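A short write-up of the structure that comes next.
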Amino acid sequence: MPAPKKGHRFGGSPSHQKSMMANLASSLIIAEAITTTEAKAKALRPYTEKLVTKAKKGGVHQQRLVVSTIHDKDAAFKLFGELGPRYANRNGGYLRILKLGPRPGDNAPMARIEFV
């Protein structure tokens with residue numbers, strides 16, 4: 001039996017990974033642009049785009065799924081109120097990643113992720 005695929009993990013346990021992605025997604029939804037490392041931005045893009053697709057569909061069930069994923073009612077309200085209708089005619093590709101260069105402290109590659 002083959003070993004299960006672990007995937008990329010940013011420091012620690014799977015629960016830490018889930019909470020970190022949820023916090024990054026809610027910050028991105030509220031601010032509409034954040035600066036983070038390239039690896040986190042690349043992992044955050046498909047995570048957030050799936051949330052926007054659920055917001056495009058609308059409905060109570062989709063809203064409850066989003067709130068259970070990101071644990072932030074304000075971000076979910078903005079997602080369903082503003083961002084979902086904004087991208088109603090777009091078939092994906094709601095986010096862009098702009099590379100900024102290395103961070104001064106530890107030389108980590110930084111990126112800005114924002115809504116198109």
Side-chain angles (χ1 to χ4, degrees):
M1 186 165 120
K5 298 289 186 242
K6 185 174 178 183
H8 296 291
R9 187 155 307 140
F10 304 107
S13 62
S15 61
H16 180 261
Q17 172 82 8
K18 281 184 183 179
S19 62
M20 185 184 64
M21 294 305 288
N23 288 334
L24 281 171
S26 64
S27 297
L28 177 62
I29 290 166
I30 290 172
E32 296 194 17
I34 59 171
T35 302
T36 183
T37 61
E38 278 185 26
K40 287 180 185 175
K42 286 179 181 180
L44 180 63
R45 180 167 40 184
Y47 186 88
T48 308
E49 287 192 355
K50 288 173 187 169
L51 297 176
V52 175
T53 303
K54 288 178 183 174
K56 279 174 47 177
K57 290 179 185 176
V60 176
H61 179 65
Q62 300 296 328
Q63 197 163 2
R64 286 178 179 165
L65 286 174
V66 169
V67 170
S68 70
T69 303
I70 61 174
H71 307 294
D72 189 353
K73 289 184 181 179
D74 296 332
F77 184 76
K78 181 174 181 180
L79 186 64
F80 280 82
E82 294 178 26
L83 298 176
R86 184 192 305 175
Y87 299 113
N89 297 325
R90 191 176 180 104
N91 295 326
Y94 316 115
L95 297 170
R96 77 166 60 105
I97 296 175
L98 302 170
K99 295 181 181 179
L100 300 177
R103 182 164 50 195
D106 59 356
N107 209 25
M110 298 299 287
R112 177 181 170 94
I113 183 167
E114 61 188 18
F115 283 95
V116 175

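Computed from a predicted model, the values in this text were never measured in an experiment.
Under the 4.5 Å side-chain heavy-atom criterion for grouping Ile, Leu, Val, Met, Phe, Trp and Tyr, I29 is not connected to V67 through any hydrophobic cluster.
Taking the side-chain contact (heavy atoms from CB on, under 4.5 Å) definition, one finds that S27 meets it with I34, sequence neighbours left out. In terms of the salt bridge (charged side-chain N to carboxylate O under 4.0 Å, His left out) criterion, E49 has no residue partners (sequence neighbours excluded). The ring-ring contact (aromatic ring centres under 6.0 Å, His included) check on Y94 picks up Y87, with sequence neighbours excluded. With sequence neighbours left out, the side-chain hydrogen bond (donor to acceptor under 3.5 Å, both in side chains) criterion links S15 to S13. Residues meeting the salt bridge (charged side-chain N to carboxylate O under 4.0 Å, His left out) test with R103, sequence neighbours left out: D106. Scanning for side-chain contact (heavy atoms from CB on, under 4.5 Å) contacts around Q63 gives F80, with sequence neighbours left out.
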Identify all side-chain donor-acceptor contacts of residues 36-45 below 3.5 Å with residues at least two apart in sequence or on another chain.
{"from": "T37", "atom 1": "OG1", "to": "K40", "atom 2": "N", "distance (Å)": "3.4"}

Could you go through L98 and E114, starting from their C-alpha distance and side-chain angles, then the distance that decides it, and tell me whether this counts as side-chain contact (heavy atoms from CB on, under 4.5 Å)?
CA-CA 8 Å; L98 302 170; E114 61 188 18; 3.6 Å; yes
Residue pair L79, V66: steps toward the side-chain contact (heavy atoms from CB on, under 4.5 Å) verdict:
CA-CA 9 Å; L79 186 64; V66 169; 3.8 Å; yes
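Clustering of Ile, Leu, Val, Met, Phe, Trp and Tyr by side-chain heavy atoms under 4.5 Å joins L100 with M110. L65 belongs to no hydrophobic cluster with other residues, because no ILVMFWY side-chain heavy atom falls under 4.5 Å from its own, directly or through intermediates.
Considering all non-hydrogen atoms of both residues, G84 and K56 come closest at O-CG, 3.6 Å. In terms of heavy-atom proximity, G93 sits nearest to V116 at O-CG2, 3.7 Å. Closest non-hydrogen pair, A76 versus I70, comes out as N-CD1, 4.1 Å.
For the ring-ring contact (aromatic ring centres under 6.0 Å, His included) condition, no pair includes a residue of residues 41-77, sequence neighbours left out. Residues in residues 66-90 take part in these salt bridge (Lys or Arg N to Asp or Glu O under 4.0 Å) pairs, two or more places apart or across chains: E32-K78, E32-R86. Among residues at least two apart or in separate chains, there is no salt bridge (Lys or Arg N to Asp or Glu O under 4.0 Å) pair with a member in residues 18-30.
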